[in-house]
Amino acid sequence: MTEVSVAKDDVAATGDLVALRNVNKHFGALHVLQDIDLTIARGEVVVVIGPSGSGKSTLCRTINRLETIDSGTITIDGKPLPQEGRELARLRADVGMVFQSFNLFAHKTVLDNVILGQVKVRKADKQKAEEKARALLDRVGVGAQADKYPAQLSGGQQQRVAIARALAMDPKVMLFDEPTSALDPEMINEVLEVMQQLARDGMTMIVVTHEMGFARSAANRVVFMADGRIVEEATPDQFFSNPRSDRAKDFLSKILHH
Ligand SMILES: Nc1ncnc2c1ncn2[C@@H]1O[C@H](COP(=O)(O)OP(=O)(O)OP(=O)(O)O)[C@@H](O)[C@H]1O
Ligand SMILES: [Mg+2]
């Protein structure tokens, strides 16, 4: 009896957090996601790579329901994605997302950007929300910028604010869609370091990136997509040293040798 309940608790504590089952999506005639099966365990860091147009962004966007799917199921923590309303707002808080372009509210200060969702969606007390916002801004290294507006910050700083804003919602999982690809080279590392730390702290993360150094050091698993399909899944070591598919070999030779 005891053994059974211990095993069950273990599953609850360490089990799958995000599960896509047989997911399909079309944009008109384009079959952009084809029979996607993907499971992400609690605390796992999955890096998604693949050629332009392979469906990486669309995959991310389906997970917080910025895009609907045509068939299949997506569950977070065992629950199907809600369709609309307050439940959907809560889902978007549970699934934090950081995009390539810095999508902060331009007319709000950095501090207010990090406070807003906590108060509106999580119904947090304003004072508590501000304390948490300041702590998170310190954690990502932009505490001194709290009273500025986004346009007064560098791209790297804005992207770190975007991460702090997502974290303020206590997300269950964080999605990153090429968070450094719009940044000047000298700002890339300051963002990757924040993401590395987040990974070390045990955050469940899905990261679309071409930063292979990050994939090698932070990812538990690399998922390679091409033409709307998951072509290959492997540990970073296996994937980079011994890709199995021709598509992956071709892709790696292009990105590693330029
Ligand atoms: N809203 C949309 N309407 C129609 N087609 C779309 C839409 N969004 C994406 N697509 C198409 O779906 C395919 C996959 O796009 P997606 O943005 O997911 O690819 P990606 O792997 O993220 O590419 P990239 O590396 O360039 O960001 C592309 O052919 C794209 O043109
Ligand atoms: Mg994309």
Side-chain angles (χ1 to χ4, degrees), residues 18-38 40 45-74 76 81 83-84 88 91-92 95-104 155-156 158-159 162-163 166 173-185 187-188 191-192 195 205-216 218-219 221-234 236 239-240 243 245-258:
V18 181
L20 291 87
R21 289 285 164 269
N22 210 18
V23 168
N24 283 278
K25 177 170 183 69
H26 298 75
F27 283 123
L30 179 70
H31 196 172
V32 60
L33 295 179
Q34 305 188 28
D35 299 324
I36 299 288
D37 274 304
L38 180 64
I40 292 113
V45 177
V46 171
V47 162
V48 179
I49 65 174
S52 181
S54 56
K56 307 178 300 292
S57 294
T58 306
L59 177 75
C60 282
R61 291 165 61 82
T62 62
I63 297 174
N64 68 355
R65 221 169 182 284
L66 287 172
E67 300 282 358
T68 57
I69 56 177
D70 300 336
S71 64
T73 58
I74 302 177
I76 307 276
L81 300 190
Q83 306 285 310
E84 58 194 359
L88 184 55
L91 168 81
R92 300 242 165 93
V95 181
M97 185 146 181
V98 178
F99 301 88
Q100 174 175 347
S101 55
F102 332 117
N103 55 336
L104 299 172
Q158 289 185 55
Q159 206 58 319
I163 294 172
V173 50
M174 287 280 290
L175 306 178
F176 293 88
D177 188 2
E178 304 205 32
T180 60
S181 57
L183 297 178
D184 292 336
M187 292 168 194
I188 291 175
V191 173
L192 291 178
M195 292 167 61
M205 295 164 60
I206 302 172
V207 184
V208 179
T209 185
H210 290 173
E211 294 293 335
M212 296 303 131
F214 177 85
R216 277 182 183 280
R221 187 153 46 114
V222 172
V223 167
F224 175 71
M225 284 185 78
D227 298 330
R229 290 185 182 277
I230 293 177
V231 174
E232 206 163 322
E233 279 185 72
F239 183 76
F240 292 114
S245 63
D246 288 341
R247 289 302 299 265
K249 283 177 194 162
D250 182 53
F251 177 76
L252 282 176
S253 72
K254 281 181 186 137
I255 61 162
L256 297 177
H257 300 137
H258 77 203

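Note that the structure is a prediction, hence the values are computed from the model and not measured. All ligand and atom numbering here is 1-based and tracks the order in the structure. Reckoned from all heavy atoms, side chains included, excluding hydrogens, waters and symmetry mates.
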Set of residues that line ligand 1, where lining means a heavy atom lies under 4.0 Å from it: F27, L30, V32, P51, S52, G53, S54, G55, K56, S57, T58, E178

Intermediate values then yes/no, side chain to side chain contact (heavy atoms under 4.5 Å, CB included), L38 and E233: CA-CA 10 Å; L38 180 64; E233 279 185 72; 4.1 Å; yes

Steps toward side chain to side chain contact (heavy atoms under 4.5 Å, CB included) verdict (M97, R61): CA-CA 9 Å; M97 185 146 181; R61 291 165 61 82; 4.2 Å; yes

Side-chain (T180) to main-chain (L183) donor-acceptor, under 3.5 angstrom: no

Ignoring hydrogens and angles, tell me if any N or O in the side chain of N22 forms a donor-acceptor pair with the backbone of D35 under 3.5 Å.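 Between the backbone of D35 and the side chain of N22 there is no qualifying donor-acceptor contact (under 3.5 Å).
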
Qualifying residues under ring-ring contact (aromatic ring centres under 6.0 Å, His included), relative to F251, sequence neighbours excluded: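 F251 satisfies ring-ring contact (aromatic ring centres under 6.0 Å, His included) with H210, F224 only.
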
Q100: side-chain contact (heavy atoms from CB on, under 4.5 Å) partners, not counting sequence neighbours: E178, S181, A182

Which one of V32, L30, I36 satisfies the side-chain contact (heavy atoms from CB on, under 4.5 Å) criterion with T58?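 Answer after filtering V32, L30, I36: V32.
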
Please test F239 against M212 for side chain to side chain contact (heavy atoms under 4.5 Å, CB included), starting from the C-alpha separation and ending with a verdict. CA-CA 11 Å; F239 183 76; M212 296 303 131; 6.0 Å; no

Checking side chain to side chain contact (heavy atoms under 4.5 Å, CB included) for the pair V23/L59: CA distance, chi angles, key distance, verdict? CA-CA 9 Å; V23 168; L59 177 75; over 6 Å; no

Nearby protein N/O/S atoms (those under 2.8 Å) for the Mg ion (ligand 2), with water ignored: S57 OG

